[in-house]
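Ligands are counted one by one from 1 in listed order, and the atoms in each one are counted from 1 as well.
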Amino acid sequence: MELRTDVNSVTNWNAPLVWEGTFDPVVIDAIYKKMDPRVAVVVFAVGKYTRFLKGFLESGEKHFLVDFRVTYYIFTDNKNAVPNIQMGKGRKISVIDIPSAKRWQDVVLGRMRWATITIDKQIRTEADYLFMMDIDSVFHNRFGAESLSRLSAVLHRGYYKNTKRDNFPYERRPQSKAYIPPGEGDYYYTAAVWGGYLEDMYKLVRYCYMQSEEDAKNKIEAVWQEESHLNKYLLYNKPTKVLSPEYLWSDYDQVPADIKVVRISQLVKNYAEVRPNGGH
Ligand SMILES: CC(=O)N[C@H]1[C@@H](OP(=O)(O)OP(=O)(O)OC[C@H]2O[C@@H](n3ccc(=O)[nH]c3=O)[C@H](O)[C@@H]2O)O[C@H](CO)[C@H](O)[C@@H]1O
Ligand SMILES: [Mn+2]
């Protein structure tokens, strides 16, 4: 097998940086399959976002950790809108009831609160690994065991190539708990796909929840909500694997030459129409 040399495949703290062509899918799946981990995928579909469930789940069944044990935890305010999907062997859906929200910011931040509560109540005894994912996206190609580690984070497609750390969209107001001073930073990670060992993810999800609560008390909301808190945590607690933007691309953007495979792509959506309080 020809290995790639056109991209950096290791971080400067010596963690793997995963690109197509830097691993053998058969070898890596076989290693993890021996442990046969139970993988939880936590997704939220609140308000009009239930329309994304079918495409996400059907494509996940084709491409996400195929032949592994997977449970999709669907947090929703409308159980009846959860589609009936043909699931692979050892794979299932678990629906969690949560209330509606008036602001999209409350949905995205609420994810940290509801995930913390539900890991405590239920998921902890049912899973070994946990992924947090946005629902407004579709799997297009293999997303396999190469993504698994103690803490894996995905490079945001918008800032991985030509952006200097001081131009990352980190929270820059010292009043926020997510504040990162100039001169610091390795990468800018997306909050739309992140995963790892159950307990490590629990710690991080809970951290984002607590930090955002602290911000709320101080009447401030981080510029990119939980994504800002996630980036702060990962700066001081380095991920054990970094996944290239293959693991979350976007239908908004052309696919450049270094992205050989798009594994998940975010859908184009009408923000004003789909969000309860519109806009960005
Ligand atoms: C690609 C990327 O970096 N995505 C991030 C970006 O998302 P997006 O602009 O893609 O945010 P989004 O609208 O997809 O919201 C994030 C997720 O929250 C859920 N949702 C949201 C609103 C709603 O009314 N109902 C509902 O269910 C749903 O699972 C959705 O996928 O910014 C958000 C915070 O600003 C989060 O950090 C996202 O992870
Ligand atoms: Mn999204």
Side-chain angles (χ1 to χ4, degrees), residues 41-57 59-60 72-79 81-82 93 95-115 118 131-139 153-160 163 168-171 176 178 187-195 201 204-205 207-209 211-212 215 220-234 243-253 259 262-280:
V41 178
V42 167
V43 285
F44 283 68
V46 175
K48 293 183 178 166
Y49 281 64
T50 53
R51 67 177 63 165
F52 300 119
L53 280 165
K54 187 167 190 284
F56 180 90
L57 294 165
S59 64
Y72 301 93
Y73 293 87
I74 299 173
F75 292 64
T76 185
D77 59 345
N78 184 7
K79 269 197 212 174
V82 178
I93 287 173
V95 179
I96 318 282
D97 266 312
I98 58 164
S100 310
K102 291 198 180 67
R103 297 169 66 243
W104 64 264
Q105 294 90 338
D106 294 335
V107 181
V108 303
L109 274 176
R111 292 191 288 182
M112 302 304 108
R113 175 163 178 269
W114 288 111
T118 312
F131 279 90
M132 299 287 299
M133 292 191 185
D134 271 21
I135 197 68
D136 58 338
S137 38
V138 168
F139 292 83
V154 177
L155 300 184
H156 193 298
R157 74 183 190 286
Y159 311 96
Y160 76 102
T163 310
F168 289 157
Y170 291 151
E171 175 56 63
S176 168
Y187 297 112
Y188 188 76
Y189 306 101
T190 176
V193 177
W194 37 304
M201 282 295 286
L204 175 46
V205 168
Y207 168 90
C208 293
Y209 169 39
Q211 299 289 86
S212 60
D215 272 4
I220 192 165
E221 184 176 270
V223 56
W224 289 107
Q225 290 79 31
E226 84 290 359
E227 191 169 89
S228 305
H229 297 291
L230 172 74
N231 272 279
K232 168 107 179 228
Y233 184 94
L234 294 176
L243 307 175
S244 68
E246 296 163 3
Y247 289 80
L248 186 71
W249 198 253
S250 167
D251 290 354
Y252 280 100
D253 296 351
I259 303 294
V262 171
R263 303 175 194 281
I264 304 185
S265 192
Q266 260 191 292
L267 295 162
V268 168
K269 64 181 189 284
N270 179 345
Y271 279 91
E273 191 267 327
V274 80
R275 285 175 160 177
N277 53 327
H280 269 90

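- Residue Phe44 has at least one N or O atom closer than 3.5 Å to an N or O atom of ligand 1.
- If you look at Leu248 next to ligand 1, the close heavy atoms, those under 4.0 Å, all belong to the side chain.
- Under a 3.5 Å cut-off, the side chain of Trp249 and the backbone N or O of Asp253 do form a donor-acceptor pair.
- Put simply, the side chain of Glu246 never gets that close to the backbone of Ile259: no donor and acceptor are under 3.5 Å apart.
- Residue-ligand proximity: Arg157 is placed with every non-hydrogen atom at 4.0 Å or more from ligand 1.
- Under a 3.5 Å cut-off, the side chain of Ser212 and the backbone N or O of Tyr209 do form a donor-acceptor pair.
- Judged by distance alone, the side chain of Glu227 and the main-chain N or O of Ala191 form a donor-acceptor pair under 3.5 Å.
- Counting only distances under 2.8 Å, and ignoring water, the protein N, O or S atoms around the Mn ion (ligand 2) are Asp134 OD2, Asp136 OD1, Asp136 OD2.
- Set against the non-hydrogen atoms of Ala192, the atoms of ligand 1 under 4.0 Å away are 1 (C), 2 (C), 4 (N), 39 (O).
- Once rounded to the nearest 0.5 Å, the distance linking CD1 of Ile135 with CZ of Phe44 reads 11.0 Å.
- Between the choices Val193, Asp134, Ile264, the shortest heavy-atom distance to atom 39 (O) of ligand 1 belongs to Asp134.
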>> Run the side chain to side chain contact (heavy atoms under 4.5 Å, CB included) test on Glu171 and Lys232 for me, step by step, so that the C-alpha distance in whole Å, both residues' side-chain angles and the decisive distance to 0.1 Å come before the verdict.
In response: CA-CA 9 Å; Glu171 175 56 63; Lys232 168 107 179 228; over 6 Å; no
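- The protein heavy atom nearest to atom 17 (C) of ligand 1 is Arg111 NH1, 3.3 Å.
- Each of the atoms 34 (C), 35 (O) of ligand 1 lies under 4.0 Å from some heavy atom of Gln225.
- A tilted orientation is assigned to the rings of Tyr170 and Tyr188, their planes being inclined by 30° to 60°.
- Not a single heavy atom of Leu230 sits less than 4.0 Å from an atom of ligand 1.
- Within the 3.5 Å criterion, the main-chain N or O of Pro99 finds no donor-acceptor partner in the side chain of Asp77.
- If you number the atoms of ligand 1 from 1 as listed, the ones under 4.0 Å from a heavy atom of Trp224 come out as 35 (O).
- Each of the atoms 27 (O) of ligand 1 lies under 4.0 Å from some heavy atom of Ala45.
- Between the side chain of Asn78 and the backbone N or O of Gly47 there is no donor-acceptor pair closer than 3.5 Å.
- Where the criterion is an N or O separation shorter than 3.5 Å, residue side chain and backbone included, Val46 meets it with respect to ligand 1.
- Look at Tyr271 and you'll find a heavy atom under 4.0 Å from some atom of ligand 1.
- Here Val107 has side-chain heavy atoms under 4.0 Å from ligand 1, and that is the only part of it that gets that close.
- Those atoms of ligand 1 that come under 4.0 Å of a heavy atom in Ala191, given as number and element, are 37 (O), 39 (O).
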Q: Could you walk me through whether Lys48 and Glu273 pass the side chain to side chain contact (heavy atoms under 4.5 Å, CB included) test, one step at a time?
A: CA-CA 9 Å; Lys48 293 183 178 166; Glu273 191 267 327; 3.6 Å; yes
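- Between the side chain of Tyr247 and the main chain of Trp194, no donor-acceptor pair closer than 3.5 Å is present.
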Problem - Derivation of the side chain to side chain contact (heavy atoms under 4.5 Å, CB included) call for Val46 and Phe75 - result: CA-CA 7 Å; Val46 175; Phe75 292 64; 5.9 Å; no
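- Within the listing of ligand 1, atoms 1 (C), 10 (O) sit less than 4.0 angstrom from a heavy atom of Gln266.
- Relative to atom 8 (P) of ligand 1, the option among Arg275, Glu227, Glu226, His156 with the closest non-hydrogen atom is Arg275.
- A donor-acceptor contact shorter than 3.5 Å links the side chain of Thr76 to the backbone of Ala45.
- At a heavy-atom distance under 4.0 Å, no atom of Gln105 approaches ligand 1.
- Atom 6 (C) of ligand 1 is not flagged as protein-proximal [any protein heavy atom, distance under 4.0 Å].
- Looking at Tyr49 and Arg275, their side chains come closer than 4.5 Å, going by heavy atoms from C-beta outward.
- Closest protein heavy atom to atom 13 (O) of ligand 1: Tyr49 OH, 2.5 Å.
- Judged purely by atom type and a 3.5 angstrom limit, Lys79 has no side-chain atom pairing as donor or acceptor with the backbone of Val95.
- Under a 4.0 Å heavy-atom criterion, Val43 is not in contact with ligand 1.
- Atoms of ligand 1 found under 4.0 Å from any heavy atom of Asp136 (numbered from 1 in listed order, with element): 10 (O), 14 (O), 31 (O).
- Distances from ligand 1 to the non-hydrogen atoms of Gly47 include no value under 4.0 Å.
- The proximity of Ser250 to ligand 1, defined as any non-hydrogen pair under 4.0 Å, does not occur for either the backbone or the side chain.
- Atoms of ligand 1 found under 4.0 Å from any heavy atom of Ile135, numbered from 1 in the order shown, are 28 (C), 29 (O), 31 (O).
- Distances from atom 16 (C) of ligand 1 to the heavy atoms of Val108, Thr190, Leu53, Leu267 show the closest one on Val108.
- Here the side chains of Trp114 and Ile96 are not in contact, with every heavy-atom distance at 4.5 Å or above.
- The minimum heavy-atom distance linking Asp215 with Ala222 is given by the pair OD2-N, 3.9 Å.
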Next item on the list: Please report the C-alpha distance between His156 and Trp224 in whole Å, then the side-chain angles of each, then the deciding distance to 0.1 Å, and finally whether the side chain to side chain contact (heavy atoms under 4.5 Å, CB included) criterion is met.
Entry: CA-CA 13 Å; His156 193 298; Trp224 289 107; over 6 Å; no
